[in-house]
2 protein chains.
Amino acid sequence: MAKLDFSPIADTTRRAEIVALLRRAILTGQLEPGQKLNELRISEQMRVSRAPLREAMRELVQEGILTSIPYAGTFVIDVTAKDIIDAYSLNKVLDEFAIELTWPQRDQRFFDELDRRHEAVKQATRALDTTRQIETALQLHGLIHEWADNSVLLETWQRLTSRLQMYFALHQRARNEPVPAEDVHETYVALMKGSDMRAAQRHAREHIDLDFEELLSYARGLEKRASKN
Amino acid sequence: MAKLDFSPIADTTRRAEIVALLRRAILTGQLEPGQKLNELRISEQMRVSRAPLREAMRELVQEGILTSIPYAGTFVIDVTAKDIIDAYSLNKVLDEFAIELTWPQRDQRFFDELDRRHEAVKQATRALDTTRQIETALQLHGLIHEWADNSVLLETWQRLTSRLQMYFALHQRARNEPVPAEDVHETYVALMKGSDMRAAQRHAREHIDLDFEELLSYARGLEKRASKN
DNA sequence: GACAAGCAGATTGTCGACAATCTAACAAGA
DNA sequence: TCTTGTTAGATTGTCGACAATCTGCTTGTC
């Protein structure tokens, strides 16, 4: 028999498609933080009944990007400066752990995949596609978590990433400048190919802090705006 | 005005109650790993319709203790030795982080709460109430995560804890001996009250490893049994 | 004008029924 | 005997309607 790997077939339920649609809308900032999701309106727009929509929303609530208040409604989570700080500081810890687990397992396939994802970021950057740039950067970043061979870590990181992606998207949306033009991942990729694990861990931590400062200033702006109400 | 803290009123939806019921059934091992949840049967037993039940199940799927296959059913997650290893190794990392965050914030209220929870564990142990013993031990363990003042960390730890509680419950159920009789938390509490943070972190890691060995042997048994089918 | 009671509209929560899909058993053919 | 097609039953996925709850406005009273 030919040894062909079939990928799992796509989810065929409306629910799964709704989840994907909503998640994308939230993570790209099309649905803004705090905004209420009206079930009737959305279900009519999507041409589905409220049952699968509500189930989809329950999933996203547990995923941490929606929040629900009984009999009041379901809302996109609010973004506070503290949330961003918390998410980032945990992300650092997870990254250090992921690098530690991945390190002894690096092989040619890992390096190839690293390059592939790095290339995808550069391409999105050249195309000035900010949404895609965020996505690809997080995917590059996520390789160590996939490679770490720890399903709980991967799952945890993916949950965290949802929020990070949302924060970045909001940030990008807020300032209308184009994205950081130059390639900030060059050093990271080089270090992950190198032989000094501690250095890689250190850089991951510092590199994060870099983007972080920008995000935080955005979040502080949000805070101020909110406190006026 | 009298400064009285009101606790939030109970969730009034059926969905929330169903979630609580199902979670408890799973975490105490009344529903076994791999077991299928028949929607019609459960909804009849609980005297509710399938809609809130299905929404509840979606939540528990995202919580990581159920797994769903479209048109096939929703099942209690399987427990493999690797899952336990993964969960525990991540738990160690989170613990170290939580201790680091909590350390500078420890105050009298913290110490009091530590003692209170410690006392609850001892009481459950004396009463030979294994289920409650697991619960209280995890609550004692969770104090550092609550005190760390990092909402993302807390949320992450709670997700992880669900599984740990399930693993422990299964383990306790498997062997019919009474639980570890003596108080294994004495040292931990003392260290958390002390002044050597590194020592506390080290102990948390080692103490975990202790219980861990027992759990693992249980998981390996499961593996063997599964591979025979 | 301030305030409470009550009503109307909108929205969420829940229900029972129907449609789509899967599973397992059986039959037909090579 | 093995494979393939068919069918019946059971189960999950989805729908439209109804019940419970909230919100904001109006009304009446002081």
Side-chain angles (χ1 to χ4, degrees), chain A residues 1-2 6-23 25-26 31-78 229, chain B residues 1 6-23 25-26 31-63 65-78 229:
Chain A
M1 192 195 298
F6 287 104
S7 57
I9 62 170
D11 284 340
T12 53
T13 60
R14 298 197 197 292
R15 183 182 70 237
E17 294 200 40
I18 297 171
V19 166
L21 269 176
L22 283 181
R23 186 190 289 120
I26 297 166
L31 285 169
E32 291 177 11
Q35 188 173 343
K36 178 173 176 178
L37 277 68
N38 185 310
E39 297 178 3
L40 199 58
R41 200 169 53 72
I42 295 178
S43 67
E44 281 169 355
Q45 286 178 358
M46 291 189 180
R47 307 285 182 83
V48 294
S49 74
R50 285 173 54 223
L53 172 63
R54 282 174 59 87
E55 291 186 17
M57 287 165 94
R58 266 350 116 209
E59 291 192 21
L60 294 175
V61 167
Q62 285 307 108
E63 212 175 294
I65 58 181
L66 290 181
T67 175
S68 163
I69 304 174
Y71 290 106
T74 305
F75 308 81
V76 178
I77 56 165
D78 273 317
N229 305 351
Chain B
M1 194 196 297
F6 286 105
S7 58
I9 64 170
D11 284 339
T12 52
T13 60
R14 298 196 197 292
R15 182 182 71 235
E17 293 201 40
I18 297 171
V19 166
L21 270 177
L22 283 181
R23 185 190 289 121
I26 297 166
L31 285 169
E32 290 178 10
Q35 188 174 342
K36 178 174 176 179
L37 278 68
N38 185 310
E39 296 178 2
L40 199 57
R41 200 169 53 74
I42 295 178
S43 69
E44 281 169 357
Q45 286 179 358
M46 292 189 179
R47 306 289 181 84
V48 294
S49 73
R50 285 173 54 222
L53 172 62
R54 283 175 58 87
E55 291 185 17
M57 287 165 97
R58 270 346 122 214
E59 291 191 21
L60 294 175
V61 167
Q62 285 307 107
E63 213 175 294
I65 59 181
L66 290 180
T67 175
S68 164
I69 303 173
Y71 289 107
T74 305
F75 309 82
V76 179
I77 57 165
D78 273 316
N229 304 351

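Every heavy atom of this structure was used, including side-chain atoms; hydrogens, water molecules and symmetry mates were not.
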Gap between atoms CD and C1', on A:E55 and C:dT12 respectively (whole Å): 15 Å
Touch class at under 4.0 angstrom, heavy-atom based, for A:R15 against every strand present: sugar-phosphate
Phosphate-side-chain proximity, A:R54 and C:dG13, N/O vs OP1/OP2 below 4.0 Å: yes
Length of the line joining A:F75:CZ and D:dC22:P, which is rounded to integer Å: 13 Å
CA sep, side-chain torsions, deciding dist, call: B:L66, B:I77, side chain to side chain contact (heavy atoms under 4.5 Å, CB included): CA-CA 5 Å; B:L66 290 180; B:I77 57 165; 5.6 Å; no
Length of the line joining A:K36:NZ and C:dT12:C1', which is rounded to integer Å: 8 Å
Below 4.0 Å: OP1/OP2 of C:dC15 and any side-chain N or O of B:S49: yes
Between P of D:dG13 and CD of A:E59, the distance in whole Å: 11 Å
5'-most by nearest nucleotide on DNA chain D - A:R50 or B:N38: B:N38
Sugar-phosphate, base or nothing in reach of B:L53, heavy atoms under 4.0 Å: nothing
A:R58 CZ to C:dT12 C1', straight-line distance once rounded to whole Å: 9 Å
Sole residue of B:L37, B:T67, B:L60 in side-chain contact (heavy atoms from CB on, under 4.5 Å) with B:V76: B:L37
Rounded interatomic separation in angstrom, taking OH from A:Y71 and P from D:dT21: 5 Å
Value in whole Å for how far the P atom of C:dG13 lies from CG of A:L37: 12 Å
Side chain proximity check, A:R54 to A:R58, heavy atoms < 4.5 angstrom: yes
Any B:Q45 side-chain heavy atom under 4.5 Å of B:N38 side chain: no
Candidate nucleotides C:dT14, D:dG13, D:dC15, ranked by approach to the side chain of A:A51 - the nearest: D:dC15
Touch class at under 4.0 angstrom, heavy-atom based, for B:R14 against every strand present: sugar-phosphate
B:Q35, CD: over 12 other non-hydrogen atoms inside 6.0 angstrom: yes
Separation of atom CE in B:M57 from atom P in D:dT11, rounded to whole Å: 13 Å
